Amino acid sequence: MAAAGEGTPSSRGPRRDPPRRPPRDGYGVYVYPNSFFRYEGEWKAGRKHGHGKLLFKDGSYYEGAFVDGEIMGEGRRHWAGSGDTFSGQFVLGEPQGYGVMEYKAGGCYEGEVSHGMREGHGFLVDRDGQVYQGSFHDNKRHGPGQMLFQNGDKYDGDWVRDRRQGHGVLRGADGSTYEGQWHSDVFSGLGSMAHCSGVTYYGLWINGHPAEQATRIVILGPEVMEVAQGSPFSVNVQLLQDHGEIAKSESGRVLQISAGVRYVQLSAYSEVNFFKVDRDNQETLIQTPFGFECIPYPVSSPAAGVPGPRAAKGGAEADVPLPRGDLELHLGALHGQEDTPGGLLARGHAPHCPGACQRVEQGCAEFTDVLLGPPPPGYHPFLLSLPTHHLNTQKAGGRSRGGLHPRGTPPTTQEPPGGSRPEGRATEEQAAAAHLGEYVLMIRDVTTPPFLGRRLPPAFKHLRVVAKRAGQPPHVLEEGPEASSSWQAAHSCTPEPPAPR
């Protein structure tokens, strides 16, 4: 029984084939004992040699040249884990030399490689479609290179470990250009920028920001500027840094000059000349830092055909004129309306002043031949004449306060015919000029688009129009609030003047 059972199949273990040896020469297929590798291709002296394909159990593969059993020469390698594929030169199983890497996540690289990493000169397109051409080290952009970004910006300069660092030129898609030093991918060090708005800056940059950038606008002159009625005057402006120095490194900002007239709600007994404003010409009140509000008032050239404000002396040749559309946009930028035509422009009362906008040169700008024009349509002069005994009181040095008048006599009202002053003494020059009183000059940064995304806050100057003295030069600017004793009334506006009693 035992002897008979020894030969039965059930009593014997599974049959094992002896290990197969690799083919000696020629073409053959060999599965390695660990079953992880399978080779199909040419053999020589028992080694992979020539063209063949080596497959991995995880789905990866190499197909190409083999030399003495090693991956060597031209071939194609696919990694199942990452999904990436490299086609090019190999040395001892690693990409080495020149080739093309296609990334599953998107993009590709063509250029020099070492030990499977980008090294040397190459051309890289990332998953976002951004293109880099230049030097690589340790798989990163390193050395001189050029890059086209997704937003259209172009950079040409130095790189350190995937960051722009050293010297480089950035040409923005919006037309802006920066050339200078970089650190950690931002402007850092000496550099110059020509912004698409026309602003230029040359100087020191820190962490991507100009170190000597203007932060505020200042109008030069006394605290209260006094100008003679009907006379043009000049306004000098400076751009200052945080610490108070002139921002000489900056040029090209567009500044717009505008004006407002003081708004006062008058009492019934008032010796102040004011305007009656039509209901359909009501203006939005502009807040000022002087403790009162104002409404827009036109700033104009002295007469039609006379050039408006000129560029600062020495900078006229460098002054860049604005296109007509931009100029009209800037002229209409009033309080809270920097990007849309407002106030006067909306009603067709744009100031006749071709130079209402000026470009800054090395931190300074000058508006010359500035003139406050006559009240625009809808602003009706409404004069209050004073009794004779009250005028005598003023001549004697007395001055009425508030709404009280000597002996309780109220003033009488009269509207001058044809816009002329009482008694018909006004000349054409006076009729075309601003009335005596208090105004506000405003200088706004209307640079478009804003330089580095930010406009400077507006600057204000308290302006007082006084009667012209005999023999006074046309461009005299008084130097203080007490310079003229002839100023006897405030100029203001009110939408609904009360009826005198």
Side-chain angles (χ1 to χ4, degrees), residues 174-176 193-201 210 213-220 234-240 247 250-260 283-284 286-289 294-301 307-312 315-316 318-370 372 439-461 463:
D174 62 358
S176 302
M193 172 174 281
H195 194 254
C196 59
S197 63
V199 177
T200 60
Y201 174 88
Q213 181 182 9
T215 57
R216 56 195 174 101
I217 305 171
V218 173
I219 305 174
L220 303 184
S234 298
V235 178
N236 290 281
V237 179
Q238 290 180 346
L239 305 188
L240 300 185
E250 185 179 308
S251 296
R253 281 190 192 265
V254 180
L255 303 182
Q256 173 236 332
I257 187 170
S258 59
E283 291 282 2
T284 301
I286 302 173
Q287 300 294 330
T288 73
C294 65
I295 58 175
Y297 194 88
V299 180
S300 65
S301 300
R310 298 182 295 271
D319 194 15
V320 181
L322 289 171
R324 179 176 177 83
D326 291 345
L327 180 60
E328 292 175 351
L329 175 64
H330 298 320
L331 288 176
L334 295 174
H335 183 66
Q337 302 173 333
E338 294 183 351
D339 296 322
T340 58
L344 301 176
L345 272 181
R347 297 193 312 276
H349 305 316
H352 176 72
C353 188
C357 291
Q358 287 286 358
R359 286 197 184 271
V360 174
E361 292 294 334
Q362 296 184 345
C364 300
E366 182 183 13
F367 295 84
T368 61
D369 298 331
V370 178
L372 295 174
Y439 299 80
V440 174
L441 287 179
M442 292 164 282
I443 302 294
R444 301 182 186 277
D445 178 6
V446 293
T447 307
T448 304
F451 180 52
L452 300 180
R454 176 180 174 272
R455 286 194 175 113
L456 301 179
F460 297 83
K461 177 63 71 173
L463 182 70

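In this chain, numbering begins with 1 at the start of the sequence shown. If you're wondering where the values come from, they're calculated on a predicted model, not measured in any experiment.
Looking at heavy atoms from C-beta onward, Glu250 lies in side-chain contact with Leu239 at the 4.5 angstrom threshold. The shortest side-chain heavy-atom distance between Val237 and Ile257 does not fall under the 4.5 Å cut-off. Side-chain contact between Gln358 and Glu366: absent, with no pair of heavy atoms (C-beta onward) separated by less than 4.5 Å.
Summarising the geometry of Gly175 relative to Cys196, their closest heavy-atom pair is C-CB, 4.2 Å, with the distance given to 0.1 Å. Of all non-hydrogen atoms in Gly198 and Arg359, the two that sit nearest each other are CA-NH1, 4.0 Å. Considering all non-hydrogen atoms of both residues, Asp445 and Arg454 come closest at OD2-O, 4.5 Å. A pairwise comparison of heavy atoms in Phe451 and Gln213 identifies CD2-NE2, 4.0 Å as the closest pair. Nearest approach of Ala194 to Thr200, heavy atoms of both residues: CA-CG2, 4.3 Å.
Considering CG of Leu456 and CD1 of Ile217, their distance stands at 5.0 Å, rounded to 0.5 Å. The distance from atom CZ of Arg253 to atom OG1 of Thr447, rounded to the nearest 0.5 Å, is 5.5 Å. The OG atom of Ser251 sits 5.5 Å away from atom CD of Gln362, with the distance rounded to the nearest 0.5 Å. Here Ser234 contributes atom OG and Leu220 contributes atom CG; the two are 11.5 Å apart, rounded to the nearest 0.5 Å.
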Evaluation steps, side-chain contact (heavy atoms from CB on, under 4.5 Å), between Tyr201 and His195: CA-CA 8 Å; Tyr201 174 88; His195 194 254; over 6 Å; no
CA sep, side-chain torsions, deciding dist, call: Ile286, Val440, side-chain contact (heavy atoms from CB on, under 4.5 Å): CA-CA 10 Å; Ile286 302 173; Val440 174; over 6 Å; no
side-chain contact (heavy atoms from CB on, under 4.5 Å) assessment of Val299 paired with Leu372: CA-CA 5 Å; Val299 180; Leu372 295 174; 4.2 Å; yes
Any chance you could lay out the side-chain contact (heavy atoms from CB on, under 4.5 Å) test for Phe367 and Ile443, step after step, and finish with the verdict? CA-CA 10 Å; Phe367 295 84; Ile443 302 294; 3.9 Å; yes
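Partners of Thr288 according to the side-chain hydrogen bond (donor to acceptor under 3.5 Å, both in side chains) rule, which considers only residues two or more places apart in sequence or in another chain, do not exist here. With sequence neighbours left out, the side-chain hydrogen bond (donor to acceptor under 3.5 Å, both in side chains) criterion links Asp174 to Ser176.
Between Thr448 and Arg455, the side chains place a donor N or O and an acceptor N or O closer than 3.5 Å (distance only, hydrogens not considered).
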